[in-house]
Amino acid sequence: MSKPSVAELRPVVHPPGVKDRRSGEHWAGRLYMREISLRWTRHLVGTRVTPNQLTYLMVLAGVAAGAALLVPGPAGALAAALLIQLYLLLDCVDGEVARWRAQTSITGVYLDRIGHYLAEAALLTGFGVRAADVFAAEGPAPDWLWAFLGTVAALGAILIKAETDLVDVARTRGGLPAVREEAATPRSSGLAVARRAVAALKFHRLVGGVEASLLILAVALLDAAHGDLFFSRLGVAVLAAVALVQTLLHLVSILASSRLR
């Protein structure tokens, strides 16, 4: 079987609403990964590899990124960042293969969501364990406070996603149709302005997999130059604070909008 060209794939696997969905498509997907994924997808659509198998590989890459952070120094942080890029690539490819073969399924959607939960939680938890100096290179014993803060950041990242996903659960159980994007705007004009201001700052993205992995790599390089774990520990504290604040703000935003009506 001949491989489809990128031009043949594009209108099928990137229909309207995929790359332009601001609330669902990651900026890295729009900027570069969707173009890279097309080159991989054209080689995979004619194989026996299933979309769900690609999703399992995505989950594995995401969890492995968290584990890679146990390797001290910039090498572990670089490995984690590269694995997160692989995770993002597979996140694009699994859906593209499914759309080309018309094999989209509820199971695939469910596995995809579970994969996002696990990958971001593993990365942030791994960052906390890294900052705790689990191998006691910086002191006589690990400082588990940083592992705790990394776990707090991971829990916050999961809760932020859960708050969004549970809107669909609540609407389905209430017999309502899927929520529209415009329903995300708070009913209060003051809250709407505040929401736009927070969105413009984009600090909430720091707990996302791609952004967190790049931050972790940057602080690992600073630590290497500084000779200790100061910047990693500062990064863990910042991510834990961002996760906690964003969890609360996101909950208020949902309750103040029309998403549950």
Side-chain angles (χ1 to χ4, degrees), residues 1-68 78-124 157-158 160-162 164-165 168 178 181 202 204-217:
M1 179 186 296
S2 61
K3 298 181 182 116
S5 67
V6 168
E8 291 171 324
L9 278 172
R10 196 185 303 277
V12 178
V13 304
H14 292 172
V18 173
K19 290 181 71 173
D20 57 352
R21 49 181 180 170
R22 295 292 169 180
S23 62
E25 180 71 359
H26 194 274
W27 61 265
R30 292 192 299 272
L31 185 62
Y32 62 90
M33 193 57 81
R34 284 291 179 185
E35 293 305 311
I36 296 173
S37 66
L38 281 174
R39 276 71 184 174
W40 282 56
T41 297
R42 70 181 295 265
H43 292 291
L44 289 168
V45 292
T47 69
R48 299 178 66 180
V49 177
T50 68
N52 285 352
Q53 287 171 342
L54 291 167
T55 305
Y56 286 126
L57 288 175
M58 178 198 83
V59 177
L60 181 61
V63 173
L78 177 60
L82 292 175
L83 283 164
I84 287 295
Q85 291 298 311
L86 177 59
Y87 155 84
L88 179 61
L89 173 62
L90 291 166
D91 188 29
C92 294
V93 170
D94 62 355
E96 291 170 1
V97 171
R99 284 189 286 274
W100 179 261
R101 296 181 186 169
Q103 290 180 339
T104 55
S105 67
I106 297 299
T107 301
V109 173
Y110 180 79
L111 289 174
D112 183 77
R113 297 308 300 165
I114 290 292
H116 292 312
Y117 280 52
L118 288 175
E120 293 190 6
L123 185 71
L124 293 171
I158 290 174
I160 292 165
K161 291 185 179 299
T164 299
D165 291 342
D168 290 332
E181 279 202 37
K202 302 188 188 305
H204 59 285
R205 287 185 173 175
L206 285 174
V207 294
V210 174
E211 293 84 354
S213 69
L214 296 176
L215 173 66
I216 293 167
L217 178 57

- request: Just grab all the side-chain hydrogen bond (donor to acceptor under 3.5 Å, both in side chains) pairs involving residues 54-68, residues at least two apart or on different chains.
  value: T55-D94
query: Roughly how far apart are Q53 CD and L44 CG, rounded to 0.5 Å?
result: 11.0 Å
task: Work out which heavy atom in C92 is nearest to a heavy atom in M33; give both atom names and the distance.
output: SG-CG, 3.9 Å
- prompt: Looking just at side-chain N and O atoms, do E96 and S37 make a donor-acceptor pair shorter than 3.5 Å?
  reply: yes
- prompt: Does some side-chain heavy atom of M58 sit less than 4.5 Å from a side-chain heavy atom of L89?
  reply: no
query: Closest approach of D91 and H116, non-hydrogen atoms and distance?
result: OD2-CE1, 3.0 Å
statement: In short, E120 meets A157 closest at the heavy-atom pair OE1-CB, 4.0 Å
Inter-residue atom distance R113.CZ - D168.CG, 0.5 Å rounding: 9.0 Å
- prompt: Going through the checks in order, is the side chain to side chain contact (heavy atoms under 4.5 Å, CB included) test met by I84 and L88?
  reply: CA-CA 6 Å; I84 287 295; L88 179 61; 5.6 Å; no
- line: Nearest heavy-atom contact between G62 and A119 is CA-CB, 3.7 Å
message: For a 4.5 angstrom cut-off between non-hydrogen side-chain atoms, does L111 reach T107?
response: yes
task: Could you check if a side-chain atom of Y87 sits within less than 4.5 angstrom of a side-chain atom of L60, using non-hydrogen atoms only?
output: no
query: For Y32, does the OH atom sit with more than 12 other heavy atoms under 6.0 Å from it, leaving out its own atoms?
result: yes
Nearest atoms (heavy-atom pairs only) where A61 meets L83: O-CB, 3.8 Å
- request: Over all heavy atoms of both residues, which pair between G108 and N52 is shortest? Give the atoms and the distance, please.
  value: CA-OD1, 3.4 Å
message: Measuring from atom OG1 of T41 to atom CH2 of W100, what distance do you get when rounded to the nearest 0.5 angstrom?
response: 10.5 Å
salt_bridge(E8, R42) N-O dist < 4.0 Å: no
query: Between the side chain of R99 and the main-chain N/O of H14, is any donor-acceptor distance below 3.5 Å?
result: no
field: Heavy-atom check, side chain of V13 versus side chain of L38, under 4.5 Å
entry: yes
task: Measure the shortest side-chain to side-chain distance between D165 and Y117 over non-hydrogen atoms and say whether it is less than 4.5 angstrom.
output: yes
message: Tell me whether R30 is salt-bridged to E35, with the criterion being a basic N under 4.0 Å from an acidic carboxylate O.
response: no
